[in-house]
Amino acid sequence: MITFQFDQCLDDKKIIRTCREEGLVDVVRLPRHLRDAEDPVVLSTLLTGLQPLVTLDRRIAEDHGASIPATHPGLVIVSHDPHTPQTITTSRAARILAGFKQFFPDWHQTLLANSILEITPSRVEVWHVTDGQLTRDGYLSFAEADWSSGLAALLRQNVERSSQTNG
Amino acid sequence: MTTEASMVAEDLLTRTRNAVRLLTDCVEVNLQKRGGVPVLKGTRFTVAQLLAEVAAGRSVPEIAEDFNLERNLIERLLDGLALSLDGPL
């Protein structure tokens with residue numbers, strides 16, 4: 001079972017309880033010593049661990065690409081579509097994720113290693129980091145019929161980056 | 001300036017000063033934390049999300065409990081925001 005690491009913005013007892021009741025993945029709360037940490041510390045600490053990090057901070061990867069290790073367990077950003085006149089909350093994030101999971105049923109068994117995903121109500125974008133620079137692998141609109149197989153292919157490709165990096 | 005106008009100006013100044021004191025006590029802006037979006041002091045939790053959670057119908061005690069945040073800090077922040085808006089601008 002994959003365990004996801006929540007950033008503080010998603011570190012909501014109600015969401016955590018719902019995830020655990022669903023029983024498909026486990027989640028862990030942000031360690032106490034990181035509750036006051038700056039973004040580069042959060043990224044460099046948590047992304048050297050084993051659990052993909054989930055955050056509502058849409059700028060964290062873009063602003064701090066240099067703090068993301070070349071190989072990492074995965075980073076998932078949940079956000080509204082651009083120009084949505086609403087601030088994200090955990091319940092809105094849960095709805096966005098529910099929409100995504102409905103059409104990507106293997107989400108809980110899919111390795112996210114080395115991928116940075118931004119999931120919105122209408123699309124998912126996939127990125128990876130090379131030498132501290134973000135590179136976009138793909139933009140998949142949920143309106144496209146085969147977006148989930150395209151996503152699976154991009155994620156597999158990024159998982160393989162670790163074996164290439166490690167020789 | 002008439003006496004009445006100067007009293008209004010003084011009231012505005014006092015209110016603003018008190019609001020700023022309250023807000024600087026509980027809000028932090030750091031470009032390295034949440035990209036410079038204002039957060040509750042000592043956390044990575046944005047003020048914007050806090051207000052959005054309130055707007056979504058969650059109470060302050062509920063937010064404090066669910067997100068492991070200090071209830072007193074949230075209350076002081078809301079007091080500061082209230083004070084800053086309590087009067088003609």
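Excluded from the calculations below are hydrogen atoms, water molecules and symmetry mates; all remaining heavy atoms, backbone and side chain alike, are included.
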What part of [X] lies closer than 4.5 angstrom to a heavy atom of chain B: side chain, backbone, both or neither?
X       : value
A/Ile60 : side chain
A/Asp63 : side chain
A/Val42 : side chain
A/Leu30 : side chain
A/Thr55 : neither

Per-residue tally against chain A (heavy atom, under 4.5 Å) across B/Ala56, B/Ala55, B/Gly42, B/Gly35 peaks at B/Gly42
Choice from B/Arg58, B/Lys41, B/Glu62 maximising heavy atom contacts with chain A below 4.5 Å
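With the most close heavy-atom pairs to chain A, the winner is B/Arg58.
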Interatomic distance, [X] atom [atom1] to [Y] atom [atom2] [nearest 0.5 angstrom]:
X        : Y        : atom1 : atom2 : result
A/Cys19  : A/Leu24  : SG    : CG    : 9.5 Å
B/Gln49  : A/Thr89  : CD    : OG1   : 7.0 Å
B/Arg76  : B/Asp25  : CZ    : CG    : 5.5 Å
A/His72  : A/Ser115 : NE2   : OG    : 7.0 Å
A/Asp12  : B/Asp66  : CG    : CG    : 5.0 Å
A/Leu134 : A/Glu125 : CG    : CD    : 10.5 Å

Please look at B/Ile63 and chain A and tell me whether the side chain, the backbone, both or neither of the residue comes under 4.5 angstrom of a heavy atom of that chain.
neither
Would you mind telling me which of A/Arg29, A/Arg17, A/Arg59, A/Arg92 has the largest number of heavy-atom pairs within less than 4.5 Å of chain B?
A/Arg29
Between A/Arg123 and A/Leu140 (side chain of the first, backbone of the second, donor and acceptor by atom type, cut-off under 3.5 Å), is there such a pair?
no
